[in-house]
Asks: 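One structure, pasted below without further comment.
Just so it is clear: chains get the letters A, B, ... in the order the sequence lines come, proteins before strands, and each one is counted from 1.
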Amino acid sequence: MRLSRYFLPTLRETPKEAEIVSHRLMLRAGLIRQQSAGIYSWLPLGKRVLENIAQIVREEQDRSGAIEMLMPTLQSADLWRESGRYEAYGKEMLRIQDRHERDMLYGPTNEEMITDIFRAYVSSYRAMPLNLYHIQWKFRDEVRPRFGVMRGREFLMKDAYSFDIDRESARAAYQRMFVAYLRTFERLGLKAIPMRAESGPIGGDMSHEFIILASTGESEVYCSRDLLDLPIPPADIDFRGDLSPIVDAWTSHYAATDEKHDVEAFNKLPEERRITARGIEVGHIFYFGTKYSEPMGAKVAGPDGAEHFVHMGSYGVGVSRLVGAVIEASHDEAGIIWPDSIAPFAVGLINLKPGDAATDAAAEKLYDRLVKAGLSVLYDDLDQRAGAKFASMDLIGLPWQVIIGPKGAASGEAEIKRRATGARETLPIDSVVDRLLAG
RNA sequence: CGGGGCGUAGCGCAGUCUGGUAGCGCACCUGGUUUGGGACCAGGGGGCCGCAGGUUCAAAUCCUGCCGCCCCGACCA
């Protein structure tokens with residue numbers, strides 16, 4: 001993509017409404033534009049990141065056996081009356097009426113709708129386990145939206161819903177999501193720690209929040225340093241096997257948010273093993289048994305021939321929040337530092353002197369080669385001073401920068417810079433592609 | 001929802017106290033000189049001063065009401 005033909009409105013100065021670093025950088029790097037409190041447009045560069053994150057979430061959901069679908073943003077109030085939540089939900093739910101004055105709502109979550117779908121089609125335990133998910137926009141009319149996309153009112157969420165014949169198989173479904181989440185956040189370059197969360201009326205130990213450590217996090221968290229060193233399950237992990245050992249390993253160490261913090265238990269850890277930090281919640285999984293299947297009549301025939309209410313769980317990942325969370329965890333003075341896995345472009349190619357025939361020729365040649373090698377390239381062909389080019393390229397945080405100017409064009413050399421480390425090297429133009437592919 | 005703050009050009013701000021026909025920096029446009037870390041010169045475009053009402057010869061400025069946005073707390077992917 002040629003920058004001169006792209007739409008990337010970067011800002012040199014920070015809009016004053018942005019207080020935290022990820023919000024400032026997202027506005028300055030041209031990722032988003034605020035349209036209203038807690039509601040944002042995703043500009044082209046931001047859209048690419050959002051899609052990249054969604055894709056990783058999708059791949060790991062699919063790997064774990066979940067099946068993607070898509071439910072609408074608007075829902076009928078009637079479904080929510082069945083579960084009792086239409087009255088219970090309160091002002092966070094955006095309620096609207098259509099032209100026939102029918103009560104509708106912009107979905108804040110989809111338990112009712114997925115339960116309705118399930119009960120319409122599934123009547124045997126043989127169809128289970130089943131886990132259906134979608135990646136869709138949600139609306140929760142937060143009292144106080146803040147921190148940019150980290151707490152928007154409209155946000156993109158992956159929500160998965162599992163259906164099982166009994167509590168034990170629901171536990172296995174829960175564990176599959178637990179492992180899928182460990183892998184997902186790892187691939188996004190994040191250290192996410194599962195922490196036991198409020199489990200609601202069902203009780204038990206099947207509710208975890210996945211929290212990443214970042215100094216600007218919203219809540220205080222406490223955990224054991226051992227959690228940072230635990231291995232992440234590999235890509236070829238067998239999701240049909242018993243995942244208990246992995247889940248047990250992760251849940252046996254101390255980890256709690258401040259509302260569940262047990263000072264006494266925490267202090268039993270040796271001092272150097274204790275971590276007190278700020279955290280950002282990026283995922284939440286829980287088992288809620290028959291909470292919706294009973295009132296909504298979602299039951300199936302079991303192997304015993306009798307009808308059973310299905311046991312359900314739901315599993316959320318804040319996809320749009322993750323964009324902000326990743327930036328919180330990965331930036332420096334100059335701007336964003338995207339992990340390779342979700343960067344909007346892999347390479348920023350900087351032409352230091354557009355209009356100079358030799359430099360243009362060398363840059364074009366490099367551009368073609370990089371693209372042919374399968375790399376996504378943002379080619380800065382703007383007629384600007386080098387300083388401005390470097391500053392905005394650092395701001396948008398692409399993993400690699402390739403710099404070519406008149407001197408390089410003459411000597412046949414280019415400079416490459418790794419954004420994350422700042423390491424630079426000069427090498428022959430002919431070997432740039434191989435060098436980048438080598439990592 | 002309680003407390004605090006802010007709405008003036010795309011962005012950052014001054015001007016408001018003490019009313020007199022709207023300004024600065026960056027960005028943008030034209031021309032020229034420049035070009036390896038946010039250039040310089042000259043010229044130029046762009047404003048219902050958040051909205052409505054009031055006071056006044058005259059309102060960005062004073063008064064009243066409303067709207068929007070941000071920050072701090074109670075709640076949440």
Asks: Nearest whole Å is fine: how far is A77(B) P from Glu154(A) CD?
Replies: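 To the nearest whole Å, that distance equals 18 Å.
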Asks: What is the nucleic acid contact for Lys138(A), judged by heavy atoms within less than 4.0 Å: base, sugar-phosphate only, or nothing?
Replies: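 No contact.
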Asks: Nearest whole angstrom, please: distance from the P of C70(B) to the CD of Glu19(A).
Replies: 11 Å
Asks: Looking only at side-chain N and O atoms, does Arg151(A) come under 4.0 Å of OP1 or OP2 in C76(B)?
Replies: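 No, because none of the side-chain N or O atoms of Arg151(A) sits under 4.0 Å from OP1 or OP2 of C76(B).
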Asks: Classify the ring geometry between Trp137(A) and Trp42(A) as parallel (under 30°), tilted (30 to 60°) or perpendicular (over 60°).
Replies: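 If you compare the ring of Trp137(A) with that of Trp42(A), the planes turn out tilted.
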Asks: Is the phosphate of C72(B), meaning OP1 or OP2, less than 4.0 Å from a side-chain N or O of Arg144(A)?
Replies: yes
Asks: Looking only at atom P, what distance separates G12(B) and C71(B), rounded to whole Å?
Replies: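 Comparing P positions in G12(B) and C71(B) gives a spacing of 14 Å.
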Asks: Between C66(B) and A77(B), how many Å separate the two P atoms, rounded to a whole number?
Replies: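 Straight-line distance between the two P atoms is 34 Å.
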Asks: Applying a 3.5 Å limit to both distances, which nucleotide forms a Watson-Crick or G-U wobble pair with A42(B)?
Replies: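 Pairing partner: U30(B).
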Asks: Surrounding NZ of Lys47(A) (heavy atoms of other residues, nucleotides or ligands, distance under 6.0 Å), is the total greater than 12?
Replies: no
Asks: Across all strands, who's sitting opposite G12(B) as a Watson-Crick or G-U wobble pair, both distances under 3.5 Å?
Replies: C24(B)
Asks: Looking across every strand, which nucleic acid part, if any, lies under 4.0 Å from Gly90(A) by heavy atom: base, sugar-phosphate, or nothing?
Replies: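 Result for Gly90(A) = nothing.
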Asks: State the pairing partner of C49(B); accept Watson-Crick or G-U wobble contacts with both distances under 3.5 Å, and report none otherwise.
Replies: none
Asks: CG of Leu352(A) versus P of U34(B): gap in Å, rounded?
Replies: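 From Leu352(A) CG to U34(B) P: 18 Å.
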Asks: By nearest atom, which of the nucleotides A77(B), C72(B), C13(B) is closest to the Arg146(A) side chain?
Replies: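 Out of A77(B), C72(B), C13(B), the nucleotide with an atom closest to Arg146(A)'s side chain is C72(B).
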Asks: Nearest-Å distance, CZ (Arg24(A)) to P (G12(B))?
Replies: 13 Å
Asks: Is NZ or CZ of Arg153(A) both nearer than 6.0 Å to the six-membered ring centre of Phe139(A) and within 45° of the ring axis?
Replies: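 The answer is no; the distance or angle limit is not met.
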Asks: What's the closest nucleotide to the Glu142(A) side chain, out of A77(B), C70(B), U35(B)?
Replies: A77(B)
Asks: Let me know the distance between CZ of Phe147(A) and C1' of C71(B), rounded to the nearest Å.
Replies: 9 Å
Asks: Can you check whether Gln34(A) has a side-chain N or O nearer than 4.0 Å to OP1 or OP2 of C70(B)?
Replies: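 So the side-chain polar atoms of Gln34(A) do come within 4.0 Å of the phosphate oxygens OP1 or OP2 of C70(B), strictly under.
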Asks: Need one value for Gly316(A): base, sugar-phosphate or nothing, where a base atom within 4.0 Å counts as base even if backbone is also close, heavy atoms only.
Replies: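 Contact class for Gly316(A): none.
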Asks: In whole Å, measure the gap between the C1' atoms of A9(B) and A14(B) for me.
Replies: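 Per the computed distance, 14 Å lies between those C1' atoms.
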Asks: Can you name the one residue among Ile396(A), Val347(A), Leu349(A) that meets side-chain contact (heavy atoms from CB on, under 4.5 Å) with Leu378(A)?
Replies: Ile396(A)
Asks: Taking all non-hydrogen atoms of both residues, which atom of Gly30(A) and which atom of Leu8(A) are closest, and how far apart?
Replies: O-CD1, 4.2 Å
Asks: Only pairs with both distances under 3.5 Å count, Watson-Crick or wobble alike; so what is the partner of C75(B) in this structure?
Replies: none
Asks: Can Ser41(A) and Gln35(A) be counted as having a side-chain donor-acceptor contact under 3.5 angstrom?
Replies: yes
Asks: Who does G68(B) pair with, Watson-Crick or G-U, both distances under 3.5 Å?
Replies: C6(B)
Asks: Can you tell me the Watson-Crick or wobble partner of G37(B), both distances under 3.5 angstrom?
Replies: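 Across any shown strand, G37(B) pairs with none.
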Asks: Is Glu218(A) salt-bridged to Arg151(A), cutoff N-O under 4.0 Å?
Replies: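 Yes, charged N to carboxylate O under 4.0 Å.
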Asks: Which whole number of Å gives the distance between the C1' atom of G10(B) and that of G46(B)?
Replies: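 Comparing C1' positions in G10(B) and G46(B) gives a spacing of 10 Å.
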Asks: Rounding to an integer number of angstrom, what distance separates U34(B) and G45(B) when you compare their P atoms?
Replies: 28 Å
Asks: What contact category does Thr109(A) fall into here, base, sugar-phosphate, or nothing, at under 4.0 angstrom with non-hydrogen atoms?
Replies: nothing
Asks: Provide the Watson-Crick or G-U wobble partner of A58(B), both distances under 3.5 Å; none if there is no partner.
Replies: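 None - no nucleotide pairs with A58(B), as no candidate has both distances under 3.5 Å.
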Asks: Please figure out whether Arg321(A) or Glu17(A) has its closest RNA chain B nucleotide nearer the 5' end.
Replies: Glu17(A)
Asks: How long is the line joining CG of Asp380(A) and P of U35(B), in whole Å?
Replies: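 Nearest whole value for this atom pair: 19 Å.
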Asks: Whole Å only: how far is the CG atom of Leu11(A) from the C1' atom of C13(B)?
Replies: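 Distance, rounded to whole Å: 15 Å.
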Asks: Please work out if Ala391(A) contacts a base, only the sugar-phosphate, or nothing of the nucleic acid, heavy-atom cut-off 4.0 Å.
Replies: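 Ala391(A): base contact, heavy atoms under 4.0 Å.
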Asks: Phe390(A) has an atom CZ; how far is it from atom C1' of A39(B), in whole Å?
Replies: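 Going from Phe390(A) (CZ) to A39(B) (C1'), I get 15 Å.
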Asks: Can you tell me the pairing partner of G19(B) across any strand shown, Watson-Crick or G-U wobble, with both distances under 3.5 angstrom?
Replies: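 No nucleotide pairs with G19(B).
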Asks: Go through A77(B), C1(B), C70(B) for me and flag the one nearest to the Ala37(A) side chain.
Replies: C70(B)
Asks: For the pair His261(A) and Tyr222(A), name the ring-plane relationship: parallel under 30°, tilted 30 to 60°, perpendicular over 60°.
Replies: parallel
Asks: Mind checking if Ile403(A) touches a base, just sugar-phosphate, or nothing, with heavy atoms under 4.0 Å?
Replies: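 Touches a base.
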Asks: Any N or O donor-acceptor pair under 3.5 Å from the base of G36(B) to the side chain of Arg424(A)?
Replies: no
Asks: What distance, rounded to whole Å, do you find between the two P atoms, one in A22(B) and one in U61(B)?
Replies: 13 Å
Asks: With sugar-phosphate meaning primed atoms plus P, OP1 and OP2, does Asp141(A) contact a base, only sugar-phosphate, or nothing at under 4.0 Å between heavy atoms?
Replies: nothing
Asks: Within the structure shown, what part of the strands sits under 4.0 Å from Ser36(A) by heavy-atom distance: base, sugar-phosphate, or nothing?
Replies: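 Sugar-phosphate contact only.
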Asks: Check every strand shown and say whether Val282(A) touches a base, only sugar-phosphate, or nothing at a heavy-atom separation below 4.0 Å.
Replies: sugar-phosphate
Asks: Contact class for Arg33(A) (heavy atom, under 4.0 Å): base, sugar-phosphate, or nothing?
Replies: nothing
Asks: If you measure from the P atom in G19(B) to the same atom in A60(B), how many Å do you get, rounded?
Replies: 14 Å
Asks: If you find the nucleotide of RNA chain B closest to Glu415(A) and the one closest to Pro145(A), which residue's nucleotide is nearer the 5' end?
Replies: Glu415(A)
Asks: In whole angstrom, give me the gap between the C1' atoms of C51(B) and C13(B).
Replies: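 It comes out at 23 Å once rounded to the nearest Å.
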Asks: Can you tell me if Arg33(A) has over 12 outside heavy atoms packed within less than 6.0 Å of its CZ?
Replies: no
Asks: Answer yes or no: side-chain N or O of Glu13(A) and base N or O of G25(B) forming a donor-acceptor pair under 3.5 Å.
Replies: yes
Asks: For a quick check of understanding: with a heavy-atom distance under 4.0 Å over all strands, which category does Pro108(A) fall into, base, sugar-phosphate or nothing?
Replies: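 No contact at all - Pro108(A) keeps every heavy atom at 4.0 Å or more from the nucleic acid.
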